[in-house]
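Naming convention: chains lettered A, B, ... in sequence-line order (proteins, then strands); numbering from 1 in each chain.
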Number of protein chains: 2
Amino acid sequence: MNVDDGIARWRRVADGIRTLAAESDADGGLLPSEAALAERFGVNRHTVRRAIAALAAEGLVHTERGRGTFFRKLPGRLHYPIGTRTRFSENISRQAREPAGRLIQASVEPADARIAAALGLRIGAAVHRMETLHVADGMPLSVSTSWFSVERFPAIVAAYAETGSVSKALEAHGLVDYHRRETRVAAEHVSPADAAHLACPADAIVIVAESLNVDPEGQPMQRSRTRFAADRIELVFAT
Amino acid sequence: MNVDDGIARWRRVADGIRTLAAESDADGGLLPSEAALAERFGVNRHTVRRAIAALAAEGLVHTERGRGTFFRKLPGRLHYPIGTRTRFSENISRQAREPAGRLIQASVEPADARIAAALGLRIGAAVHRMETLHVADGMPLSVSTSWFSVERFPAIVAAYAETGSVSKALEAHGLVDYHRRETRVAAEHVSPADAAHLACPADAIVIVAESLNVDPEGQPMQRSRTRFAADRIELVFAT
DNA sequence: TTATATTTGTGCGTATGTATA
DNA sequence: CTATACATACGCACAAATATA
């Protein structure tokens, strides 16, 4: 535990304890004793005590003399299952009430090289670009940008605005089945515009999921880039 | 700049300079002078010099006497494909040279409720807990914590330490095939300990992937929690 | 109830690391 | 380079609160 990295030992111990909390997410759970933690991390008990003091100051744990130190409960994240047939409304409605998608902005633009390649169109072909916000229980969870071929889905924007659901909007175009081909997952700091829509602080984190949906014939028909508020949701990939 | 957070000033200055490098991603770019950096961060010039020395030691910058200090170029994000049969070594070795896993820390502990449930063991059963670091092309990409049943994989730690690969360590126990059942993906700010291992700034982001690997009979045998440096890698789920 | 072990809380001395002037 | 101030980390000892036999 002696690395000259400019980070104090009690800070690393505090983080180790934080990890324990993340791993064994028991509310009201009992931490190992200070002596046990000192041995586990290879530091003096005073160092453990300083780490615990820092965690207590930020409210993660509380200690009771003679009894021990206990975790406090962390606000849980919603689960967002992602499989081959992901539908926002269906996913979230099992965990929260009133799932809702709201249209923020829509436009028609020429496809750039990347969009054209993803959707199998010519560069410059007209595509709908739709910006949507997804809310559950009054809490914004994600904002998403989607691209659709104008030729194939001329009225997709109106249909989404009316139903608040991509799958229902696609049904209106006669497409009742589609599935997700690929999802790329990254994470970034939130952009100012997204922070406003998600009602989160300027230094918040978003999980960025880029995906491609294809119809039953394997033809790509929707490309999307969704930014999830990372403190409110986690993605679950079942394989 | 005087906060009692257990992080040395030269470390914060070093992280600040790293951020400068990320923003103005010009290869061979010139840093502000040491005096200018000292004033910008509100520290003594000696502290700036120590920060630069640390960055030079890890290869991010190089200094030329009388001329100044210069950035080196940063690489783009690697892709990390995740499917039912993910292997770190195989994935990364197609894009980078010398993939390597290094054992950071290992211990045997009793399984808490969560680990026991995940691995199908009794609460309190002995499990190996293994902390590993994964590097490609000399750049740390992820740190991972894994849990294995001690009864089933008594020598897993030694086997990993020798081979630097989980799949090879499992082969040594006669398990040649396994697959990933579920992956949960979240994103957080990096913990100080992980930041030290990943050599990234204190305000960096990690993608947290929790997964469960099962053997051909469907029996869970490895639970892991991997933190990826979000600025170096993106996860790709093929469905 | 008492007795004992466990756990947290406190004090003090010493050595080393960090940051400034 | 030295000098100074402060933070960090350790080791030991003991007191106070709690749990348990």
Quiz item: Within less than 4.0 Å of OP1 or OP2 of C:dT18, is there a side-chain N or O belonging to B:Arg50?
Solution: yes
Practice problem: Indicate whether OP1 or OP2 belonging to C:dT20 is found under 4.0 Å from a side-chain N or O atom of B:Arg9. | Solution: yes
Taking [atom1] from [X] and [atom2] from [N], how many angstroms apart are they, rounded to a whole number?
X       : N      : atom1 : atom2 : value
A:Glu34 : D:dG11 : CD    : P     : 16 Å
B:Asn44 : C:dA21 : CG    : C1'   : 8 Å
B:Arg11 : C:dA19 : CZ    : P     : 12 Å
B:Arg12 : C:dA19 : CZ    : C1'   : 12 Å
A:Glu39 : D:dG11 : CD    : C1'   : 16 Å

Exercise. Decide whether B:Ser211 and B:Ser224 meet the rule of one side-chain donor and one side-chain acceptor closer than 3.5 Å.
Key: yes
Quiz item: Are B:His173 and B:Phe153 near enough that their ring centres are under 6.0 Å apart?
Solution: yes
Self-check item: Residue closer to the 5' end of DNA chain C, B:Thr47 versus A:Thr63 (nearest nucleotide)
Solution: A:Thr63
Quiz item: What about A:Arg45, does its side chain sit under 3.5 Å from the base of C:dG9 through a donor-acceptor pair?
Solution: yes
Quiz item: So do the side chains of B:Val185 and A:Phe237 get within less than 4.5 Å of each other, counting heavy atoms only?
Solution: yes
Quiz item: Does B:His46 or A:Ala8 map to a spot on DNA chain D nearer the 5' end, using the closest nucleotide for each?
Solution: B:His46
